[in-house]
There are 2 protein chains.
Amino acid sequence: MKTIRDVAKNAGVSPATVSRVLNNKGYVSEEKKKRIEKVIQEMGFEPNQVARGLAKKTSNTLALIVSDITNPFFPELAKGAEYIARSHGYSLLLGNTKGVDNESNDYIKILMNKYIDGVIIATHDIDSQLLEKHRETPMVILEMENEIENACTIKVDNIQGSVTATEHLISVGCKKIAHIYGPLYDQTAKERLKGYQEVIRAHDEYKELTVPGDFTIDGGISAVRELLDEHPDIDGLFAGNDLMAVGVIKELSRLKIRVPEDIAVCGFDGIYLTKVFSPEITTIEQPIYEMGELAAEKLIDRIKNPHLNSEHIELKTKLVIRQSSNRNKLSL
Amino acid sequence: MKTIRDVAKNAGVSPATVSRVLNNKGYVSEEKKKRIEKVIQEMGFEPNQVARGLAKKTSNTLALIVSDITNPFFPELAKGAEYIARSHGYSLLLGNTKGVDNESNDYIKILMNKYIDGVIIATHDIDSQLLEKHRETPMVILEMENEIENACTIKVDNIQGSVTATEHLISVGCKKIAHIYGPLYDQTAKERLKGYQEVIRAHDEYKELTVPGDFTIDGGISAVRELLDEHPDIDGLFAGNDLMAVGVIKELSRLKIRVPEDIAVCGFDGIYLTKVFSPEITTIEQPIYEMGELAAEKLIDRIKNPHLNSEHIELKTKLVIRQSSNRNKLSL
DNA sequence: ATAGTATATGAAACCGGTTTTAGAAAATGG
DNA sequence: CCATTTTCTAAAACCGGTTTCATATACTAT
């Protein structure tokens with residue numbers, strides 16, 4: 001392994017001068033600069049990132065902490081984040097929190113000892129107390145309106161999205177519209193429920209019909225069963241996320257209930273699966289890949305400017321109408 | 001940030017002794033050991049991994065390089081690998097190669113400069129020449145029978161799997177069975193094609209019907225169109241992977257061709273989507289999560305024993321019969 | 001001509017660990 | 001009892017960069 005001292009020797013200068021060239025920082029004469037660059041080229045020298053990290057207290061590495069990378073929401077996010085990270089010379093560490101208790105296994109502390117430059121949090125499994133403890137670490141938090149000082153949060157306007165979803169079901173002629181909401185410790189779930197309620201309450205002819213779900217496919221299946229038990233006559237269903245919408249449609253198809261003819265279904269998230277599923281699923285699309293990119297960009301921003309204030313970014317969602325709610329004869 | 005020298009001072013010993021306690025290596029008297037451990041505890045000292053890395057030329061970090069994390073095969077693999085990595089005190093770096101040219105952007109070289117301890121390769125986008133260049137790095141290569149010295153390769157028995165798939169379609173009564181194969185630079189695709197051919201050639205009454213695909217959903221859609229153009233009477237279809245099977249079924253459903261009644265379909269891989277899709281898809285299941293775990297285990301093994309010989313592991317696949325090929329009246 | 005500033009460079013200290021070296025003390029043994 | 005060997009410890013060197021400090025020279029400005 002070639003070191004900066006080898007380069008220095010070959011170029012007849014001191015290591016300090018080589019370092020200055022490497023970092024493009026401080027005074028170096030044109031002549032020596034040329035010479036040093038030539039030697040670096042010839043030797044194929046690449047600075048050791050670990051040594052550099054020790055000296056500068058950085059690692060050029062970001063971390064993305066998700067609850068479970070197999071949840072289809074996250075790979076897209078990860079891809080966007082990794083792309084931006086790499087473009088800026090950072091690598092991306094991946095962590096799953098599902099099934100790991102955070103107290104005894106403080107992920108962020110481990111990361112700090114590795115001089116990880118910043119963290120993107122996309123999980124509910126790390127409580128805010130723990131986050132608060134690492135306030136000094138550059139952080140971007142997704143889908144949670146967290147009040148960590150210094151942090152940047154990125155989320156979509158869930159209320160608006162879910163208002164749009166509910167109104168869409170109304171507009172395609174649904175008369176009894178139910179909502180399956182996610183776990184309420186999840187702010188996202190709460191907001192989506194709220195949007196649904198707002199719309200229903202604004203229309204006297206509609207009645208609030210809600211059942212809890214857990215944001216999984218199986219949760220969607222059991223929720224829709226429960227729902228049909230009590231209200232066999234529903235004709236519109238807004239699921240709190242796409243995975244539950246998938247479960248719902250699977251179960252309805254098993255019960256020979258037609259989608260969208262008998263029940264129109266709308267999900268939320270815009271995961272790839274909705275496009276692929278048959279019938280294709282109407283959903284409130286979040287710009288997931290772009291959120292990953294934005295998260296990484298904002299994080300890098302914060303790494304370079306450590307004293308940015310906290311910032312809350314709210315993105316717009318987009319209604320994507322597909323077969324599962326398409327009751328007009330128009331083929332899409 | 002507390003350093004080993006602070007600990008040493010507080011415990012009235014030298015840094016070297018603290019290091020010996022930390023690494024449980026070399027002679028330390030019971031009495032000092034106790035004292036040092038107590039001080040470490042009290043101070044909440046945690047060794048800086050970067051400094052340690054510089055001295056020991058390690059980082060306690062593995063890298064997983066995939067072509068595209070949004071391909072549903074990879075998240076499961078990543079989860080298994082990350083789980084094992086974390087259990088052994090390693091972190092996992094994630095890299096996507098899709099759309100990145102490897103010559104100018106030598107991923108592994110970047111990783112080496114970070115003292116990444118080992119790499120799991122699950123992409124075809126890094127050519128073997130490049131891999132060869134990093135022969136000294138502990139490596140586990142998935143789904144490619146590569147002849148890198150020192151490396152460990154993990155794959156499934158694709159031929160056996162695809163023989164099973166084809167025979168399964170025969171056993172449910174298909175008379176004209178076609179195969180959509182993947183890109184042939186991919187060894188996996190080649191082997192699966194071969195398994196199909198073996199079976200078809202062993203039966204005089206069957207004829208080889210193959211079309212190329214590209215292992216994507218859209219590829220499945222166009223391949224099945226092409227296939228039906230030429231052979232509208234096929235009644236069995238073995239897709240080279242699950243994504244193409246999904247595309248196939250989507251397109252068949254659009255054409256009002258019933259699955260499995262008119263055409264029975266079987267995929268390969270066992271991604272989650274096959275369980276979720278409607279109809280549920282028969283597939284040759286690979287133990288994806290376990291492959292991720294195994295890859296990480298083998299890699300860690302190789303890191304700890306740097307002079308292991310190259311090793312080729314071949315895992316068994318499992319036929320999972322679901323609706324898409326279930327032509328008996330038996331409900332599953 | 002002289003003070004003051006910008007440019008240029010190398011030596012040395014530093015980042016925070018690990019490892020080698022060397023010497024002292026204790027245990028073993030012939 | 002003296003020669004080894006084993007145990008124990010601290011000082012110093014090291015990993016491979018960056019940064020500070022000190023010094024020297026070349027420009028400006030007064």
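Numbers restart at 1 for each chain; the letters A, B, ... are given by sequence-line order, proteins then strands.
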Asker: B:Ser29 side chain N/O closer than 4.0 Å to the phosphate oxygens (OP1, OP2) of D:dT9?
Answerer: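 So the side chain of B:Ser29 is within the cut-off, an N or O lying under 4.0 Å from OP1 or OP2 of D:dT9.
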Asker: Nearest whole Å is fine: how far is C:dG16 P from B:Gln49 CD?
Answerer: 14 Å
Asker: From the list C:dG16, D:dG17, D:dA10, which nucleotide is the closest neighbour of the side chain of B:Lys32?
Answerer: D:dA10
Asker: Does B:Lys57 have a side-chain nitrogen or oxygen under 4.0 Å from the phosphate oxygens OP1 or OP2 of D:dG16?
Answerer: yes
Asker: Classify B:Val28 by what it touches in the nucleic acid, base, sugar-phosphate, or nothing, heavy-atom distance under 4.0 Å.
Answerer: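 Here B:Val28 touches the backbone only, sparing every base.
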Asker: Looking at B:Glu143 and B:Lys155, is there a salt bridge between them, counting it only when a charged N and a carboxylate O are closer than 4.0 Å?
Answerer: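 Judged by the 4.0 Å cut-off on N to carboxylate O distance, B:Lys155 and B:Glu143 do not form a salt bridge.
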Asker: Rounded to whole Å, how long is the line connecting atom CE of A:Met112 with atom P of C:dG16?
Answerer: 15 Å
Asker: Between atom CE in A:Met43 and atom P in D:dG16, what is the gap in whole Å?
Answerer: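 It is 13 Å, rounded to the nearest whole Å.
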Asker: So which one's nearest nucleotide on DNA chain D is more toward 5', A:Thr3 or B:Gly12?
Answerer: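 Nearest nucleotide further toward 5': that of B:Gly12.
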Asker: What is the distance from CD of B:Glu31 to P of C:dA25, rounded to the nearest Å?
Answerer: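 Those two atoms, CD and P, are 16 Å apart.
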Asker: Salt bridge or not for A:Lys2 and A:Glu46, using N-O below 4.0 Å?
Answerer: no
Asker: Rounded off to whole Å, could you give me the CD-to-P distance for the A:Glu30 and C:dT7 pair?
Answerer: 13 Å
Asker: Salt bridge or not between B:Glu76 and B:Lys79? Use side-chain N to carboxylate O under 4.0 Å.
Answerer: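 Salt bridge: no.
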Asker: Between B:Thr123 and B:Thr97, is there a side-chain donor-acceptor contact under 3.5 Å, judged purely by atom types and distance?
Answerer: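 Yes - a donor-acceptor pair under 3.5 Å links their side chains.
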Asker: So, does B:Asn24 use its side chain to make a donor-acceptor pair with the main chain of B:Val21 at under 3.5 Å?
Answerer: no
Asker: Base, sugar-phosphate or nothing for A:Val13? Non-hydrogen atoms, less than 4.0 Å.
Answerer: sugar-phosphate
Asker: Quick test: give all pairs of protein nitrogen or oxygen and nucleotides 19-24 of chain C nitrogen or oxygen below 3.5 Å, distance rounded to 0.1 Å.
Answerer:
{"from": "C:dT19", "atom 1": "OP2", "to": "B:Lys25", "atom 2": "NZ", "distance (Å)": "3.4"}

Asker: Consider only side-chain N and O atoms of B:Thr17 and B:Lys33, and report whether a donor and an acceptor are under 3.5 Å apart.
Answerer: no
Asker: In whole angstrom, give the distance that lies between atom CD1 of A:Ile4 and atom P of C:dC14.
Answerer: 19 Å
Asker: Counting just side-chain N and O atoms, does B:Tyr27 come under 4.0 Å of either OP1 or OP2 of D:dC8?
Answerer: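 The answer is no; no side-chain N or O of B:Tyr27 sits under 4.0 Å from OP1 or OP2.
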Asker: With sugar-phosphate meaning primed atoms plus P, OP1 and OP2, does A:Lys2 contact a base, only sugar-phosphate, or nothing at under 4.0 Å between heavy atoms?
Answerer: sugar-phosphate
Asker: Would you say the side chains of B:Ser91 and A:Lys114 form a donor-acceptor pair under 3.5 Å?
Answerer: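 Short answer, yes.
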